[in-house]
2 protein chains.
Amino acid sequence: MNNIDEMSVNAIRVLSADAIQKANSGHPGLPLGAAPMAYELWANHMKFNPANPDWVDRDRFILSGGHGSMLLYSLLHLFGIGNLSLDDIKNFRQFGSLTAGHPEYGHTVGVEATTGPLGQGMAMAVGMAMAEAHLASVFNKDDYKVVDHYTYVLGGDGCMMEGISSECFSLAGTLGLNKLIVFYDSNNISIEGSTDIAFTEDVVTRFKAFGFQTLEVEDGTDLKAIGKAIEEAKADTTRPTLIKVNTLIGFGCPAKQGKASAHGEPLGVDNVAALKENINWPSKEDFFVPEEVYDNYKKIGEEKAKAEEEWNKLFADYCAKYPEMKELWDKYFNGADLSELFDSEEYWAKGEKAEATRATSGSILNLIKTKMPNLIGGSADLAPSNKTNMKDAGDFSKENYAGSNLHFGVREQAMAAIGNGLALHGGLKAFVATFFVFSDYVKPMARLTSLMKLPLTFVFTHDSIGVGEDGPTHEPIEQLAAFRSMPGISVFRPADRTETAAAWMHAVSSTNEPTALVLTRQNLPQLAGSSKEALKGGYVLEDSTKETPDAIIIASGSEVSLAVEAKASLAADGIDVRVVSMPSMDVFDAQSDEYKESVLPKAVRNRVAVEALSDFGWYKYVGLDGEVVSMKGFGASGPAKTLFEHFGFTTENVVNTVKKVVNR
Amino acid sequence: MNNIDEMSVNAIRVLSADAIQKANSGHPGLPLGAAPMAYELWANHMKFNPANPDWVDRDRFILSGGHGSMLLYSLLHLFGIGNLSLDDIKNFRQFGSLTAGHPEYGHTVGVEATTGPLGQGMAMAVGMAMAEAHLASVFNKDDYKVVDHYTYVLGGDGCMMEGISSECFSLAGTLGLNKLIVFYDSNNISIEGSTDIAFTEDVVTRFKAFGFQTLEVEDGTDLKAIGKAIEEAKADTTRPTLIKVNTLIGFGCPAKQGKASAHGEPLGVDNVAALKENINWPSKEDFFVPEEVYDNYKKIGEEKAKAEEEWNKLFADYCAKYPEMKELWDKYFNGADLSELFDSEEYWAKGEKAEATRATSGSILNLIKTKMPNLIGGSADLAPSNKTNMKDAGDFSKENYAGSNLHFGVREQAMAAIGNGLALHGGLKAFVATFFVFSDYVKPMARLTSLMKLPLTFVFTHDSIGVGEDGPTHEPIEQLAAFRSMPGISVFRPADRTETAAAWMHAVSSTNEPTALVLTRQNLPQLAGSSKEALKGGYVLEDSTKETPDAIIIASGSEVSLAVEAKASLAADGIDVRVVSMPSMDVFDAQSDEYKESVLPKAVRNRVAVEALSDFGWYKYVGLDGEVVSMKGFGASGPAKTLFEHFGFTTENVVNTVKKVVNR
């Protein structure tokens with residue numbers, strides 16, 4: 001490579017090594033080995049404008065191997081994206097700095113996705129490529145390709161070992177996502193040593209099996225070969241492409257390169273010096289970058305800016321020529337106005353007959369879709385059970401990217417991360433669905449949804465032993481606690497149609513956090529006392545006639561009707577209770593102290609919670625003097641009605657539990 | 001096929017169709033399509049003794065597609081295994097019956113593993129094959145192959161779509177597990193319809209990439225072809241084998257076969273009749289099985305019994321010739337006696353210097369290994385961080401199955417399910433390890449560990465914001481709540497060496513439930529007050545001088561020392577508090593009411609809990625009048641010390657919180 005390119009590549013290595021050394025923490029292996037492919041891609045192939053990192057039609061780049069964050073920070077600094085300064089680089093991994101240990105979306109400008117848990121970046125990239133394909137097919141006209149960009153993702157052996165990468169790439173191959181280009185940084189090293197001990201598979205052949213074009217770059221420092229591979233990847237208009245790039249982990253550091261020790265710890269002061277000497281770096285000074293290197297990046301960046309200028313012209317003409325498309329575009333990218341729908345009687349219509357909340361959810365979802373054209377989503381092969389199919393919205397497929405119904409296959413992990421990718425891309429409102437018990441598979445990805453503050457909606461049906469005959473492997477017990485305990489997500493378990501409408505309104509109105517909807521398989525009665533108050537998370541559904549109730553029964557979802565029955569029965573015995581419906585603990589906790597006190601007065605210590613799942617978390621509301629009617633262990637296989645009786649979810653048991661509390 | 005074989009195959013189909021119809025619930029698609037491969041395998045190739053399903057050297061069979069449970073129940077009934085009666089079959093999916101919706105290990109004799117969550121059975125089979133390889137290599141002598149059996153697993157498209165199957169089979173290929181034979185029931189149908197919509201990958205090529213021998217049976221009803229494939233699979237002594245068997249879902253039912261509707265709902269009375277007519281079944285009567293079919297299964301079973309007789313002779317000679325091996329065998333299969341170790345001063349020695357509990361765990365693990373030769377386990381590529389390497393125990397590899405240190409690669413899901421397989425096989429005491437934040441990936445499998453009551457140990461290190469610079473993607477917050485809320489598992493978060501020793505003692509002493517050890521990355525001081533009482537889950541670590549303390553501070557792990565410091569500081573202000581260490585909520589909850597009252601007297605309502613994770617679940621102990629010093633959101637990237645201060649884990653904040661509670 002010519003000298004300025006070589007120096008520009010080495011600048012990434014030097015900044016990475018220096019920052020990690022100064023922080024005395026970090027992962028130099030990836031940045032040193034992958035610097036050439038990253039530089040070649042960003043400098044000579046990727047479409048972006050350093051001055052406007054938010055440009056809608058930019059190419060996306062995700063560093064799936066998030067531990068190599070200094071690779072990304074170095075590029076952002078050198079290209080002058082988001083004014084990431086040299087001081088920011090010097091503060092790598094320090095509290096409050098813009099250069100966190102792993103790239104954090106929303107924290108550092110230019111970071112397209114939060115990465116770190118290996119493999120998830122791969123699946124988020126698939127989601128972004130699906131978003132691009134969908135939006136292109138909705139908005140592009142023969143003479144105006146207003147949506148036309150690539151998604152690049154870079155990861156290593158760890159990302160390839162994680163099951164989610166097989167899930168997402170098997171789907172990407174099926175969908176023929178040709179704008180997706182995957183860089184596999186292959187260095188044959190993992191933390192425990194050579195990949196020979198656990199990973200001798202032929203990754204290229206695996207990707208062939210998925211339906212990818214597969215290319216290999218023998219020498220990961222050969223910019224020409226890397227560039228040629230990228231061009232070949234773009235030339236394939238029917239398949240996604242894997243580019244396997246053979247690299248040397250910790251390249252350039254004589255004592256460390258090719259060794260596991262290069263992966264996750266600073267090189268050491270002497271080794272950083274040796275690296276600089278070995279690559280003929282002009283100065284031993286920390287964080288030294290020659291002016292000509294900055295100039296080179298600046299020159300490249302200025303060239304790139306023109307692409308956005310041209311797009312802006314193109315888009316202006318497009319809007320002038322297709323005003324109806326401009327209108328649609330605004331609905332997609334600025335959000336549709338749903339206020340009319342949410343003010344309508346139709347939306348809040350009381351349910352007439354007993355219905356499973358999953359079924360109610362399905363009809364409300366379809367109602368919302370009529371006003372929210374960019375609503376897109378699907379299930380991990382359970383749509384008929386999750387009731388998530390959107391009528392007349394089409395099926396997203398290789399033949400029809402315009403379809404809004406996604407078919408993820410039996411791949412809960414990839415589904416959730418793809419949902420994150422759809423939300424990250426912009427222009428779409430996404431949801432994903434599966435059985436609640438399988439939310440366990442979704443959890444690692446949902447955690448990133450919350451961390452990134454993405455308004456993704458999780459539709460979880462079959463929410464208790466109400467599952468019945470399928471038995472304990474399919475009956476959630478602790479899943480509600482798992483999601484309620486996660487920061488930054490709203491969890492709703494509605495009791496009837498009204499509360500399900502409130503839950504969906506909360507979900508699609510959210511702009512900065514995900515929502516999980518937890519829905520029943522079995523029919524539930526429509527409750528006279530249910531109301532929009534459900535939007536507050538918890539509210540008095542049926543009150544006591546006394547100012548200070550004899551007791552309070554708190555319940556959610558399918559158990560609220562049980563609480564209502566118990567109240568009636570207790571009244572006959574002269575015990576006057578209040579029934580509180582608690583569809584969402586987190587939303588209730590966020591209300592004012594006054595409101596919370598008005599619903600759950602501290603003075604009333606006779607409290608019983610009823611929920612057909614784990615009691616974990618409920619004592620926050622019933623305290624040391626209360627009781628929780630809940631599942632004490634796993635469920636069982638049998639008809640749902642039998643199970644509810646067997647496990648004590650009967651009016652009688654709720655009544656007796658309240659009496660026990662009142663009388664002690 | 002000859003008539004009796006054909007009728008024996010059809011008996012499986014008829015029993016399945018009738019049972020599912022009577023239950024009006026279940027999945028006929030798999031049993032009808034896979035009956036021939038299952039019959040050919042069980043009747044003509046699999047080694048087992050119907051009269052003794054527990055025979056140690058039997059071949060293992062796992063139905064990974066657990067929804068097809070009637071396939072397995074039909075075989076168990078027809079072979080007379082565990083006396084599963086026709087009445088049991090008639091009670092399919094009824095509460096309390098032996099024929100639960102999905103196969104449940106420990107509930108139904110002959111079920112080798114609980115299955116249902118797709119893909120997990122595949123990985124458990126890999127674990128069983130690893131156990132066989134390890135035990136064979138430890139115990140076999142040239143002239144005595146006392147451990148010599150195959151592991152067969154059967155699953156469909158769903159199992160192949162799940163990421164865990166790529167994780168476990170990539171590892172199986174690396175390890176060259178030639179005694180593992182995988183049946184892929186390929187019918188191109190999933191719940192949402194044809195697999196074309198989400199799964200067009202070439203599965204056979206994927207398995208080639210993993211290093212498997214791959215075979216294909218064109219016609220899934222051709223017993224000869226299936227038998228030939230099984231023989232070829234056994235003939236390959238260096239690679240595991242995939243046998244792709246092309247089947248018709250719902251085979252034999254004219255109106256349903258080949259359709260998604262055959263998968264998960266009863267065929268319908270008329271279709272069951274049509275099935276019987278279509279396959280020329282001799283009677284329309286429900287649950288009718290001709291005597292000659294029972295006789296055929298009986299004859300086959302009696303032949304198979306001889307294999308165990310021969311093995312018993314072989315094993316008796318082996319024990320006579322190698323008494324030292326017999327002694328070792330008993331340690332493996334009956335459990336080593338650790339009482340001496342657990343009574344020793346060495347085991348309970350107080351820690352001398354501040355140490356991370358992960359490091360303490362590593363030394364205790366090595367101490368236990370010296371007395372427990374069948375202790376086996378490893379990490380998902382984090383052994384150097386998890387401190388789980390066992391010195392001089394060897395690395396398990398294709399070249400050395402005798403090694404006890406397992407290298408799972410970056411595959412948390414497969415690791416956990418393989419751990420289940422190791423535990424299910426018998427003869428081994430297993431543990432698996434990763435970062436605590438990645439317990440999210442382990443959770444779906446750990447749930448089956450608990451459900452199956454397997455004494456597997458989970459080693460989770462880096463248990464809080466103490467992770468530091470790696471930031472929020474690597475800092476657990478809600479993971480402790482997720483595991484504490486799961487039924488049937490003990491979760492320990494020890495505070496120092498003494499409590500870590502107690503936690504490990506609990507873990508390896510358990511025979512019927514898993515244990516999770518939650519350990520720090522950072523050093524912790526050794527506590528004067530810590531003791532064996534930790535085995536009770538919660539205990540008074542430092543008491544108040546008053547009979548009724550002014551307040552109680554409850555803490556776990558790294559926060560206990562903070563509570564001790566706060567107590568000293570509060571004493572200076574005349575507030576006399578008790579410090580309770582709570583390493584395990586579930587173990588504490590299992591103590592007598594008297595003991596619990598003695599540790600946490602109901603009369604003392606001034607309670608503060610301190611834990612650097614979510615407060616979810618803590619109000620059970622602090623009630624409505626208490627406070628929890630905890631994480632209110634996600635962590636951040638920065639030095640651990642800075643983070644603990646920033647998020648309020650300081651003596652000062654604990655002191656102020658106690659004062660606030662005392663003074664209100």
Side-chain angles (χ1 to χ4, degrees), chain A residues 25 93-95 100-102 116-118 158 161-164 166-167 170 173-174 190-192 197-202 205-206 209-210 381-383 407 409-411 413 440-441 443-444 451 469-473 477-478 481-482 485-487 614 616-617 619-620 623-624 633-634 637-638 642, chain B residues 25 93-95 100-102 116-118 158 161-164 166-167 170 173-174 190-192 197-202 205-206 209-210 381-383 407 409-411 413 440-441 443-444 451 469-473 477-478 481-482 485-487 614 616-617 619-620 623-624 633-634 637-638 642:
Chain A
S25 168
R93 293 189 154 227
Q94 301 313 299
F95 182 66
H102 291 78
L118 297 177
M161 282 190 253
E162 286 285 355
I164 189 173
S166 283
E167 289 186 0
S170 175
T174 298
S190 66
I191 292 172
E192 292 181 7
I197 62 175
F199 188 56
T200 56
E201 74 167 69
D202 176 351
T205 299
R206 192 204 332 166
F210 292 152
D381 197 41
L382 291 170
H407 297 283
V410 189
R411 304 183 182 105
Q413 294 202 332
D440 280 352
Y441 289 91
K443 173 64 169 56
L451 195 49
E469 289 86 350
D470 275 344
T473 56
I477 299 294
E478 70 282 17
S485 59
M486 184 161 71
S614 165
F616 204 81
Y619 289 89
K620 181 175 187 178
L624 301 178
F634 290 107
S637 172
T642 314
Chain B
S25 169
R93 293 189 152 227
Q94 300 314 299
F95 182 66
H102 290 78
L118 297 177
M161 283 189 253
E162 286 285 355
I164 189 174
S166 283
E167 289 186 3
S170 175
T174 298
S190 67
I191 291 172
E192 291 181 6
I197 62 174
F199 189 57
T200 56
E201 73 167 68
D202 176 350
T205 299
R206 195 209 324 169
F210 293 152
D381 197 42
L382 291 169
H407 298 283
V410 189
R411 304 183 182 105
Q413 293 203 331
D440 280 352
Y441 288 92
K443 172 67 169 57
L451 194 50
E469 290 86 351
D470 275 345
T473 57
I477 299 294
E478 70 281 18
S485 60
M486 184 162 68
S614 166
F616 205 80
Y619 288 89
K620 181 174 186 178
L624 301 177
F634 289 107
S637 172
T642 313

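Labels below follow one simple rule: chain letters A, B, ... track the order of the sequence lines, proteins then strands, and each chain is numbered from 1. No hydrogens, no waters, no symmetry mates; every other heavy atom, side chains included, goes into these values.
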Exercise. Looking at A/P472, A/G638, A/A100, which one has more heavy-atom pairs under 4.5 Å with chain B than the rest?
Worked result: A/P472
Exercise. Between A/S166, A/A482, A/G409, A/G617, which shows the greatest number of heavy-atom pairs under 4.5 Å with chain B?
Worked result: A/G617
Problem set entry | Selection from B/P117, B/G116, B/G623, B/G173 maximising heavy-atom pairs under 4.5 Å formed with chain A | B/P117
For this session: Identify which part of B/S170 has an atom lying under 4.5 Å from any heavy atom of chain A, answering side chain, backbone, both or neither.
Result: both
For this session: Among B/L624, B/D202, B/L382, single out the residue with the greatest number of heavy-atom pairs under 4.5 Å to chain A.
Result: B/L624
Problem set entry | Heavy-atom pairs under 4.5 Å with chain A, option from B/P444, B/S614, B/G633 with the top count | B/P444
Problem set entry | Side-chain heavy-atom pair B/H102, A/S637 within 4.5 angstrom cut-off | no
For this session: Of all the heavy-atom pairs spanning B/Y619 and A/K620, show the shortest one and how long it is.
Result: CB-CA, 3.4 Å
For this session: For each of A/G471, A/G101, A/S485, tally heavy-atom pairs with chain B at distances under 4.5 Å, and name the one with the top tally.
Result: A/S485
Exercise. So which of A/T200, A/I191, A/D381 has the biggest tally of heavy-atom pairs under 4.5 Å with chain B?
Worked result: A/D381
Exercise. Just by distance, do the side chain of A/E469 and the backbone of B/Q94 share a donor-acceptor pair under 3.5 Å?
Worked result: no
Exercise. With only heavy atoms counted, which part of B/Q413 is less than 4.5 Å from chain A, the side chain, the backbone, both or neither?
Worked result: side chain
For this session: Of all the heavy-atom pairs spanning B/T174 and A/A198, show the shortest one and how long it is.
Result: OG1-O, 3.5 Å
Problem set entry | Top contributor to chain B interface from A/T642, A/I164, A/L118, A/I197 [non-hydrogen pairs under 4.5 Å] | A/I197
For this session: Counting only heavy atoms closer than 4.5 Å, note whether B/S25 contacts chain A via side chain, backbone, both or neither.
Result: side chain
Seminar exercise, completed: Shortest non-hydrogen pair, A/V410 vs B/M161, comes out as N-SD, 3.4 Å
For this session: Check whether any side-chain heavy atom of A/I477 lies under 4.5 Å from a side-chain heavy atom of B/M486, and answer yes or no.
Result: no
